[in-house]
Amino acid sequence: MRIPYRPLAIGLVTLAFSALVLARAQAGDRHFFAPVADPVVKEECGSCHLAFAPSMLPARSWQRMMGELDNHFGDNASLDAATTEKITSYLVANAGDAGGQRYSSKLLKGVAAGAAPQRITELPKWVSEHRKVPDWEWRHKEVRTKANCVACHTAAEQGSYDE
Amino acid sequence: MKNMLVVTSGIVAMILSTATLAGPREDLLAQYAAAAKATGFSAARGQALHTQSFSGGKPDTPSCTTCHGKDTRGAGRALTGKTIEPVAASVTPTRYTDPAKVEKWFKRNCAEVLGRECTPQEKGDWLTFVIGQ
């Protein structure tokens, strides 16, 4: 049997090329954080606030948060065990330190190895990106809280944090 | 012609089922009625519950209207700034059709506002109020 080297080689080149293009396309927009695509996560984690992009926190942050939903920033956000487990695996699989997500790791810059920060808005990088936002803007009645990303980043639901 | 007939009877069946057969909302109300041993629910009592200020829950959420707004047909707003679709069933027709969702939020929101669970009577009154809105 003869192995058809040629088509195989062409196939590999095409594959490598499209991977390259894809990586470029993502690199082109460093403000992009893939939004939550799972409908269950969107429903359960997106009703009180924007369903935060899983890539904005490391996996261990999500693991800790999902284990303490009965006291979630003062709210009781607890869910049944099966739903909790399903959401946890989604968040962990798409977390900022899950392989290959360079751009969100920028947001995670300065986070100590092993730390499990619970707030995106307290990440050193997030704080420095927002240092120029004046005080009155945070207190504006349309903003109310730093966690209300959509008030300023109108396309946050689509994953874009361009100004 | 035969096709037409099938389609028409299909439509008729659909209209009939939404109009006369019990939907998830009716089932839910029936469950609350059984649990409350209630003779009936009152939209007026539901409205009172909706607008009343309680002191048993969290200080920043004294009332259902804190998040759901005074106007049942207008959008509400969570404390995090997130918009909440109107609670009036006429404006948000998808509401109160998933019993697990309704129960989940009664549990959370009654704890926030009243500092305790709502009784089946209160739940039935409140649902009767917003379904009629």
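Order of the sequence lines sets the chain letters (A, B, ...), proteins ahead of strands, with each chain counted from 1. Just so it is clear, the structure is predicted and the values come from calculations on it, not from any experiment.
- For A:Trp62 and A:Tyr90, the ring centers are positioned 6.0 Å apart or more.
- The closest donor-acceptor contact from the side chain of B:Thr72 to the backbone of B:Val130 lies at 3.5 Å or more, if one exists at all.
- If you measure heavy-atom distances from A:Lys146 to chain B, you find no contacts under 4.5 Å at all.
- Looking at A:Glu43, the atoms closer than 4.5 Å to chain B (heavy atoms on both sides) all sit in the side chain, from C-beta outward.
- Side-chain N/O atoms of A:Asn148 and A:Thr145 include no donor and acceptor closer than 3.5 Å.
- Between A:Trp138 and A:His130, the ring planes are tilted. Angles from 30° to 60° get that label.
- Here B:Gly81 is the residue among B:Ala100, B:Gly81, B:Cys67 with the most heavy-atom pairs under 4.5 Å with chain A.
- Heavy-atom distances place both the backbone and the side chain of A:Asp75 under 4.5 Å from chain B.
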